[in-house]
Every structure is written in C-alpha cells, then in structure tokens.
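Comments concern the structure below.
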Amino acid sequence: MVLGARPLEQEGIEMVKKFDISEILNLLYVLYAFTLPLSRASASIATALILLLFLFSPERKRWAEEFWRMPAAKWIVLFVAYYFFSLLITTTSEHTAGEWKEGFRYLVPYLYLLPAAVMAVTLKKRYLPIVLLAFLAGMLASEILSYLIFFGLWEKNRAIVSMSNPTPFMHHIQYSTFLAFTALLLLDRIIRGAHKGYQVLYALFFAAVAGTLFLINGRTGQVAFLIGLFVLGLMHFQNKAKALLVSSLLTLLVVGTAYGLSDNFRERISVAQSDIHNMIEKGNYGTSLGYRVGVTMLAVPLIEENPLLGTGVVDTMPLVRKEAAASFPGDYWLGIANHFQNQYLQVLVEIGLVGLGLLLIMFYYVARIPLRSEMYRNLKVILMSVFLFTMLSDIQLHIQFTGGLFALITGILLAEARVEQEEDQSAAKKENADA
C-alpha cells in the first residue's frame, strides 16, 4: 500500500458524509407527500429510496436504536417482519419455487409501512408542517382532476372512472379513504381557527373534498368520514353533552345534504339494501356486500383449522377458492376471490392470532403516541378513526396508496412526538443550568 493511501471503504464513508442524508430524506418526504395521491408508483419509488438512504447512511445504527425505543415504530417493524417470517414457517418443501416467489411478491406491499419508522427519527421540525401542506397540495391537484372528469373536460382511460365516479388515480375505496382523511383534516383546521384568509381557502377546499367524497362510489370512506366527524366533534367541546348533540346534528346534516344532492349517494344506499335482500332472500353473494359476507363465511373453517399461525400467504386464497367451489358452486366472484376485503380477517387467516395480535398492538401504540400539540393529537385521532374502520372494508395496509398514507401520517406523528420530547429535555437542562 502506498504511504498515506486510505482504504476504499473509508473513502466511501467520507463521500457519503459529504451529503446530508438527513436533509435529502426530508426533501424526499415533501415530494412523497405531494405525489402520494397522484401516482401509484410514488409509494414504491419513495419507499425504496427512503429505505436505501437509511441503510447507506452512516447514522443508520443510531437511527435504528432510536426508533426501536419508540413503541409504535418498533411494532410497525415487528408486524412487517413477522409477515415475512411467516412465509418461512408456513411454506414447505412441497411448495414450488414459483409459489415461494409469489408469496414473497405478495408481501412486498407491507414494506410501504416501514418509512414511518425512518421518518420518526429523521423528519426535522421545520419540515413537519411542510410535509402536511405538501400532502394537501397533492390532494388539491387530485381534486382538480377529479372535477375535470366530473364536468367531462378530461377523460381517464380506466373502466371504473366516469363522470359519476371521478377517481383519477386510484380505486374508489382508496380514494374515498384519502378524501375522508383530508376532509377531516381540513375541518379540524377550520374549527381550531386558522388564519382568516386560510380559513376561507380551507372551507372551499373542504366543500370540494366532501362533495367528491359523497359523489363517488366509496361508501367506505363516506362512513369513515361520518365516524371521524362524530369523534372530532366530541374532541372539540369540553361539555360532553353539548359535544354529543352538536356531533349528532352535524353528522345528520351531512348525511341529509348528501342524500338530497347526490344521486350517486342515494343509489349506493339503494344498492346496499338490494345486496342485503339478495343475500337473505335469494342466497346471492355476487354483490359488493355479498362478496364480503361470502368470503367471511369461507374463512371460518380456515381459522378453525389454523388459529394460531394461520394458513400462510401462499395457501390462503387457493384454499378459499377451493372451498367456494364446494360451498357456492356457480358463484363467479367467490370462485375467483383474491383477498378478503377486510384487513383484520386477511391477517387472521394468513398469519393467525399471532399476526392479528401484532396488528392490534401496532395500532394500540400508534394510538398511544404521546403528543402535546392539539393539532397533532387531532391528526392522530383522525388517522385512527379513518383506518380502524376502513380496514373492515379492504386490505388497506396492503395497498400502495393507503399503506403509504398510513406510513406518512404515522411517521409525522412519531417525529412530532420526538421533537416535543427533545424540546422538553432541552428546557429541563436549561432550568437545571440556571438553578
């Protein structure tokens, strides 16, 4: 070795240090928040970049130790890790290489949850409001395109998109989830009394978002919004009797207005009634609601046979389709079932009570994230209200859009909790020094 020469590894580390990876990550979070409502690829690309930057950062060990001390971040990682581990304990040598590969491919979307842990320890205080505003800006752009479709000024080449169902970039279940979350976020800002100029903008934006929510086919988001509206009303009034009354009246007002103005909303209520009638009177499960009831019935024997560890991600849906052929012969939709349209049920069947326990613990600790700021406490309540309900209707954490939304907002909440804790510690040190 030439005298004075440095090992290549050391030179590589020094080159990495020249870049402020933390700053790059924060700029990436802003871009991610803006593009998430606009692009399916956004979650995939952003997740890959966030995880790669984390893994190649010289600070990765310190960051990992820090987020591991945060219960919510830790249980998110454990939930995702156990899903991948379950592939090893439920897949045997009898399965083909193609089945192993398909099982691994199926699990990849759960990686979209991991940026929450990285954001928890890298998102800086000054970027917290910027990331939220970037998300709202992305939703505003999505709303503009949605109304262009509604008024027939722009066509989207997707079968489920039409003037009566203007969902520009995602399925209406996921879009309704985004709309419900955004509407509640805007409403909270209006109630808390933002700057007058902003209040007008927020009110107009809220009206547009709520209008789209009750225009599209997404009953899931509509009900989630009403639940969140009721909970948010309870939080904003000290007098609980008054809060209950106001929340109930506001919820009834929204439902009445939507029923009176939206043909699609009235039609979806009628369709739900028809679905129930067809199930009970005709035994027909080939409807939106019927499918959900049907796959739940098919899941029962699988849960009874494998309650603790589940049937595994490789075997679950083939077993459901096999059972459907026997129990519901001729039912097309149950015969081609590819998931349960219920996050809790999907986890329970695939990875058993152990997996469902991990999921519930993860949500418990997200709900327990300690926050001093009223704005972020309300944001946490909105997140929990929307996701705890919508996961009854679809596998929200396994879809790029909604999995990315959960990770983004949870990461923001964890980062805010970290910032508040650091400020408290700094203030305590200053008090001790002054004393």
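The figures here come from the full heavy-atom set of this structure, side chains too, leaving out hydrogens, waters and symmetry mates. Since the structure is predicted, the reported quantities are computational estimates derived from the model, not experimental observations.
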*Backbone N or O of L232 within a donor-acceptor pair of the N378 side chain at under 3.5 Å?*
no
Here the gap from L184 atom CG to T182 atom OG1, rounded to the nearest 0.5 Å, amounts to 9.0 Å
* **Side chains of S393 and R219, donor plus acceptor under 3.5 Å** => no
ask   = Does a donor on one side chain sit under 3.5 Å from an acceptor on the other, for T390 and Q396?
value = yes
The side chain to side chain contact (heavy atoms under 4.5 Å, CB included) partner of M139 among F181, F205, F34 is F205
Is the backbone of T402 close enough, under 3.5 Å, to the side chain of Q174 for a donor and an acceptor to pair up by distance?
no
message: Determine whether H339 and T316 satisfy the following criterion, side chain to side chain contact (heavy atoms under 4.5 Å, CB included), listing intermediate values before the conclusion.
response: CA-CA 9 Å; H339 62 75; T316 294; over 6 Å; no
Flag the pair E23 and R126 as a salt bridge only when some basic side-chain nitrogen lies within less than 4.0 angstrom of an acidic carboxylate oxygen.
yes
Any chance the rings of F401 and Y112 have centres within less than 6.0 Å? no
- [ ] Would you please say whether a donor-acceptor pair under 3.5 Å links the side chains of T212 and Y175?
- [x] no
Worksheet item: Less than 4.0 Å between a side-chain N and a carboxylate O, is that true for E422 and K125?
Response: no
Check your understanding: Is the shortest distance from a Lys or Arg side-chain nitrogen in E65 or R62 to a carboxylate oxygen in the other one below 4.0 Å?
Key -> no
Tested for side chain to side chain contact (heavy atoms under 4.5 Å, CB included) against L359, the lone hit among L397, I351, V354, L348 is L397
Practice prompt. Scan side-chain atoms only and decide if S176 and Q222 contain a donor-acceptor pair under the 3.5 Å cut-off.
Written response: no
* May I ask you to check whether F104 and F84 place their ring centres under 6.0 Å from each other? => yes
* Asked: Passes side chain to side chain contact (heavy atoms under 4.5 Å, CB included), R372 versus E423? Steps please.
  -> CA-CA 11 Å; R372 187 172 61 248; E423 290 176 345; 3.6 Å; yes
- request: Using a strict 4.0 Å threshold on nitrogen-to-oxygen distance, state whether E374 and R377 make a salt bridge.
  value: no
Check: D394/Q343 side-chain N/O donor and acceptor closer than 3.5 Å: no
Non-hydrogen side-chain atoms of L371 and E416 separated by less than 4.5 Å: yes
**Asked** Taking atom types as modelled, is there a side-chain donor on Y83 or E350 under 3.5 Å from an acceptor on the other?
**Response** yes
